[in-house]
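Worksheet: one structure, shown below.
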Amino acid sequence: MRFMMLVIPKAYENAKADFVPSAELVAKMTKYNESLTKAGVLLGLEGLTPPVRAARVKFSGGKAKATDGPFTEAKELVGGYWMIQAKSKQEAVEWATRAPMLDGDIIEVRQVQEIEDFPEDVRKAAGR
Amino acid sequence: MRFMIIVKADKNSEAGVLPDQKILSEMGKFNEQLVKAGVMLAGEGLHPSSKGARMRFSGTKRTVIDGPFTESKELIAGFWLWQVKSKDEAIEWLKRAPFDGGTEVEIRQVFEADDFGPALTPELRAQEERVRAQAARQARKT
């Protein structure tokens with residue numbers, strides 16, 4: 001099973017456009033990333049720039065409308081993720097426990113859909 | 001530049017309702033265009049938050065809460081990673097996606113190693129590159 005560990009950093013509630021993580025945090029993260037690699041569970045990882053630099057597109061009535069950030073009303077926006085291979089949600093949650101997060105941060109663990117999760121007609125329609 | 005295109009969850013995705021054939025074939029076509037243009041790097045869908053968990057960090061304390069997270073307005077249903085020249089190009093591509101009915105999608109720029117400046121020392125950078133190469137090998141195996 002694949003899981004995403006979605007990081008929801010407290011600091012992203014009001015991070016400025018030029019925000020970058022501190023040297024101390026970068027060092028801790030690199031160490032944690034290496035522990036995931038050594039265990040053979042890491043499949044991918046990315047960090048996202050602050051929400052103030054984001055854009056949103058809303059699709060309604062056949063139209064797509066784009067708006068630039070910041071989105072002051074938005075809470076709990078993602079700041080990055082790890083994708084890992086784990087045998088169960090519990091195992092994924094255990095990996096999340098060891099992540100070097102700051103006070104008030106959240107990690108959301110979400111299972112990734114596999115093609116086998118879809119019924120056969122849906123797989124056919126998707127060409128798989 | 002790389003961007004993460006985040007599709008927000010809605011009632012259907014949270015209820016585990018699978019997309020119908022029409023949406024699937026339209027999405028398949030759109031994905032094909034992205035691949036042909038060399039824009040598409042990755043794309044995944046997520047199971048509903050009812051199958052997930054959240055962990056809250058406070059000092060040395062970790063509190064686990066099982067899903068669903070009905071109170072959250074920013075839940076994610078899926079994402080793409082795209083390689084494009086600018087945020088505007090990402091917006092242009094996204095506008096062609098076969099969504100409707102109030103779906104909201106967020107465009108977020110991905111950090112590249114150069115963005116971190118001196119915080120990413122040469123040693124950390126080399127370590128990070130090893131981690132990424134290893135993760136890519138592991139992903140190909142699964």
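Because the structure is a prediction, the values reported are computed rather than measured. Within every chain, numbering begins at 1; the chains are lettered A, B, ... in the order of the sequence lines, protein sequences first and strands thereafter.
- Heavy atoms closer than 4.5 Å to chain B are found nowhere in A:L36, neither backbone nor side chain.
- Using a 4.5 Å cut-off between heavy atoms, B:R2 contacts chain A through its side chain alone, with no backbone atom that close.
- Ring geometry for B:F111 against B:F116 counts as tilted: the plane angle lies between 30° and 60°, on a 0 to 90° scale.
- Neither the backbone nor the side chain of B:P118 has a heavy atom closer than 4.5 Å to any heavy atom of chain A.
- The parts of B:I76 that come within reach of chain A are both its backbone and its side chain, each placing non-hydrogen atoms under 4.5 angstrom from that chain.
- Listed options A:R53, A:E34, A:M29, A:E24 were ranked by heavy-atom pairs under 4.5 angstrom with chain B; first place goes to A:E34.
- At a threshold of 4.0 Å, the pair B:R132-A:E46 counts as salt-bridged, since one of the basic side-chain nitrogens sits closer than that to a carboxylate oxygen.
- Among A:V57, A:D117, A:T37, A:L42, the residue with the largest count of heavy-atom pairs under 4.5 Å with chain B is A:V57.
- The candidate from A:I8, A:V93, A:L45, A:I84 with the greatest count of non-hydrogen atom pairs under 4.5 Å with chain B is A:L45.
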Let's go through B:R130 and B:Q127 carefully: what are the C-alpha distance in whole Å and the side-chain angles of both, what is the deciding distance for side-chain hydrogen bond (donor to acceptor under 3.5 Å, both in side chains) to 0.1 Å, and is it a yes or a no?
CA-CA 5 Å; B:R130 279 200 304 276; B:Q127 205 175 358; 5.3 Å; no
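- The distance from atom NZ of A:K58 to atom OG1 of A:T67, rounded to the nearest 0.5 Å, is 9.0 Å.
- Heavy-atom pairs under 4.5 Å with chain B were tallied for A:G104, A:G69, A:G61; the largest tally goes to A:G61.
- Looking only at heavy-atom pairs under 4.5 Å with chain A, the residue among B:A97, B:A53, B:G78 that has the most is B:A53.
- Neither the backbone nor the side chain of B:F3 comes within contact range of chain A; no heavy atom of the residue lies under 4.5 Å from a heavy atom of that chain.
- Atom CZ of B:R54 is separated from atom CG of B:D66 by 12.5 Å, given to the nearest 0.5 angstrom.
- In this structure, A:W95 has its ring center at least 6.0 angstrom away from the ring center of A:F3.
- A:M5 does not touch chain B: none of its heavy atoms, backbone or side chain, sits under 4.5 Å away.
- Listed options A:V20, A:V112, A:V26 were ranked by heavy-atom pairs under 4.5 angstrom with chain B; first place goes to A:V112.
- Here the CE atom belonging to A:M4 is positioned 12.0 Å from the CD1 atom belonging to A:I107, to the nearest 0.5 angstrom.
- Between B:E104 and A:R56 there is a salt bridge, since at least one side-chain N of the basic residue sits less than 4.0 Å from a carboxylate O of the acidic one.
- Atom NZ of A:K65 sits about 9.0 Å away from atom NZ of B:K95, to the nearest 0.5 Å.
- Remark: A:K75 does not engage A:E13 in a salt bridge, criterion side-chain N to carboxylate O under 4.0 Å.
- When heavy atoms are compared at a cutoff of 4.5 Å, A:Q85 approaches chain B solely by way of its side chain, counted from C-beta outward.
- With a threshold of 4.5 angstrom between heavy atoms, B:I6 approaches chain A through side-chain atoms but not through N, CA, C or O.
- When the candidates B:Q109, B:R108, B:E106 are compared by the number of heavy-atom contacts under 4.5 Å with chain A, B:R108 comes out ahead.
- Of the listed residues (A:A66, A:A55, A:S60), the one with the most heavy-atom contacts under 4.5 Å to chain B is A:A55.
- With a 4.5 Å cut-off on non-hydrogen atoms, B:R62 touches chain A through its side chain but not through its backbone.
- Most heavy-atom pairs under 4.5 Å with chain A, from the set B:K51, B:K141, B:E123: that is B:K51.
- Ring pair B:F79/A:Y81 is tilted by interplanar angle, where 30° to 60° counts as tilted.
- Heavy-atom distances place the side chain of B:V64, and not its backbone, under 4.5 Å from chain A.
- In this structure, the portion of A:L102 lying under 4.5 Å from any heavy atom of chain B is its backbone and not its side chain.
- Nearest heavy-atom pair, B:F57 versus A:A99, reported as atom, atom and distance to 0.1 Å: CE2-O, 3.7 Å.
- Under a cut-off of 6.0 angstrom, the local environment of NZ in A:K10 is sparse, with at most 12 non-hydrogen atoms contributed by other residues, nucleotides or ligands.
- Residue with the most contacts toward chain A among B:S72, B:G101, B:S49: B:S49 (heavy-atom pairs, distance under 4.5 Å).
- In this structure, the portion of B:L18 lying under 4.5 Å from any heavy atom of chain A is its side chain and not its backbone.
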